[in-house]
Amino acid sequence: MSLIPKAELHLHIEGTLEPELAFALAERNGVELPYAGTEALRRAYLFSDLQSFLDLYYGLMVVLRTADDFTELADAYLTRAAAQGVRHAEIFFDPQAHTERGVPIGTVVEGLAHALDRAEERHGVSTRLIMCFLRDRSAESAMETLDAAKPYLHHITGVGLDSAETGHPPSKFREVYAAAESLGLRKVAHAGEEGPPAYVRQALDVLGVERIDHGLRSMEDPELVERLVREQVPLTLCPLSNVRLRAVDTLEEHPLRAMMDAGLLVTVNSDDPAYFGGYVGDTFHAVREALGLNHEQLRELALNSFRAAFLDQDEARRERCLAEVAGYDFDRE
Ligand code: HPA
Ligand code: ZN
């Protein structure tokens with residue numbers, strides 16, 4: 001595990017639901033899970049692609065019902081993240097995955113916000129909340145979700161786009177992103193995880209996003225790479241996720257290092273750590289071992305995470321974190 005101070009910018013809070021917590025919540029809420037126990041559930045974490053993961057991931061969310069459940073989920077993540085060197089976390093959540101099951105968006109946001117609001121004091125972690133639209137649902141459903149979130153926007157920094165990518169191009173969400181921008185929300189989107197480089201271009205040109213989540217397949221398009229380098233568009237990579245969801249065959253073959261060498265502004269993140277074999281400190285360690293990254297490359301990844309963070313309202317914190325990374329002594333690890 002690597003303890004270097006870092007920001008985590010690509011993390012789905014529902015993807016931090018560990019089997020033990022899932023079973024505890026199932027019991028508390030009187031929900032029956034179709035697994036004999038935590039070990040049987042863990043054995044089901046063998047994914048062939050993004051969709052096979054999403055089926056299990058959405059299925060397990062039935063245990064999340066009350067605001068307290070969401071608070072507990074976020075508290076558990078923040079405790080683990082802080083123990084792995086995270087100083088700042090920008091946390092995705094999927095409101096439609098809950099509202100479709102009859103859990104009101106206010107229950108979700110207020111439950112999460114309760115944990116996030118005390119995270120700096122309890123864990124030394126500053127936080128932002130990013131609401132993701134499910135791209136395999138309709139644009140109308142995304143717009144209804146944005147409308148439903150209006151009473152809670154003081155808790156929400158930005159919008160994102162996630163779920164099954166293939167066949168659901170960013171352009172489908174042009175209007176809802178325009179509406180989000182007019183509400184003062186920041187904009188990011190998953191693109192180029194399984195989808196083509198054209199989806200990365202659309203996310204930039206049609207949605208006007210400031211960061212690309214994943215962006216892995218950008219590497220197939222040299223002109224796009226050149227643009228991403230020139231504009232220093234941050235890419236929030238999730239190498240363990242890419243291995244587990246079969247976007248790359250092995251961690252050793254992950255293009256992270258080639259992407260850094262090309263001059264891209266890349267960051268390393270955990271995506272759905274309960275499912276993909278590690279939190280972000282574990283991920284730093286794993287890429288270091290698999291790709292032979294040296295200390296200066298790890299330092300660069302950590303610096304990038306704070307450069308790419310939505311810390312514009314707190315530049316003093318960004319500067320403190322950057323200075324902490326610059327002075328980090330790897331020999332203490
Ligand atoms: N991709 C798309 N949607 C997701 C992911 C992901 O990696 N994790 C959770 N929702
Ligand atoms: Zn993701």
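Order of listing sets the numbers, starting from 1, for every ligand and every atom in it. When a residue number appears, it is its place in the shown sequence, counting from 1.
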Open item on the list: I'd like to check Met1 versus Leu3 (side-chain heavy atoms, cut-off strictly below 4.5 Å). Are they in contact?
Closed with: yes
Open item on the list: So for His214, does at least one of its heavy atoms come nearer than 4.0 angstrom to any atom of ligand 1?
Closed with: yes
Open item on the list: Give me the nearest non-hydrogen protein atom to atom 7 (O) of ligand 1 as residue plus atom name, then the distance to 0.1 Å.
Closed with: Asp271 OD2, 2.8 Å
Open item on the list: With a heavy-atom distance limit of 4.0 Å, tell me whether Tyr57 approaches ligand 1 through its side chain, its backbone, both, or neither.
Closed with: side chain
Open item on the list: So that I can tick it off, tell me whether Arg28 and Asp68 are bridged by a salt bridge, with the cut-off set at under 4.0 angstrom between side-chain N and carboxylate O.
Closed with: no
Open item on the list: Considering non-hydrogen atoms of the protein only, which is the closest contact for atom 8 (N) of ligand 1, and what is the distance?
Closed with: Asp272 OD2, 2.7 Å
Open item on the list: Can you tell whether the side chains of Arg217 and Glu220 come within less than 4.0 Å, N to carboxylate O?
Closed with: yes
Open item on the list: Students should be able to answer this: which protein heavy-atom is nearest to atom 3 (N) of ligand 1, and at what distance?
Closed with: Ser163 N, 2.8 Å
Open item on the list: Tell me whether Arg244 is salt-bridged to Asp271, with the criterion being a basic N under 4.0 Å from an acidic carboxylate O.
Closed with: no
Open item on the list: Main chain of Ser2, side chain of His285: is a donor-acceptor contact present, judged purely on distance under 3.5 Å?
Closed with: no
TODO: Give the residue, atom name and distance (to 0.1 Å) of the protein heavy atom nearest atom 1 (N) of ligand 1.
DONE: Glu193 OE1, 2.7 Å
Open item on the list: Which of the numbered atoms in ligand 1 are under 4.0 angstrom from any heavy atom belonging to Phe53?
Closed with: 8 (N), 9 (C)
Open item on the list: According to a hydrophobic-cluster definition based on side-chain heavy atoms being under 4.5 Å apart (Ile, Leu, Val, Met, Phe, Trp, Tyr only), do Val188 and Met259 belong together?
Closed with: no
Task: Nearest to the Zn ion (ligand 2) - the N/O/S atom of His10, by atom name - done: NE2
Task: Cys238 near the Zn ion (ligand 2) via N/O/S, less than 2.8 Å - done: no
- [ ] Please check if the side chain of Glu165 supplies one atom and the backbone of Glu193 the other of a donor-acceptor pair under 3.5 Å.
- [x] yes
- [ ] Restricting to N/O/S, name the atom of Asp271 that gets closest to the Zn ion (ligand 2).
- [x] OD1
TODO: Verify the neighbour count for atom CD of Glu27: are there more than 12 heavy atoms of other residues, nucleotides or ligands below 6.0 Å?
DONE: no
TODO: Looking only at protein heavy atoms, identify the closest one to atom 5 (C) of ligand 1 and say how far it is in Å.
DONE: His12 NE2, 3.6 Å
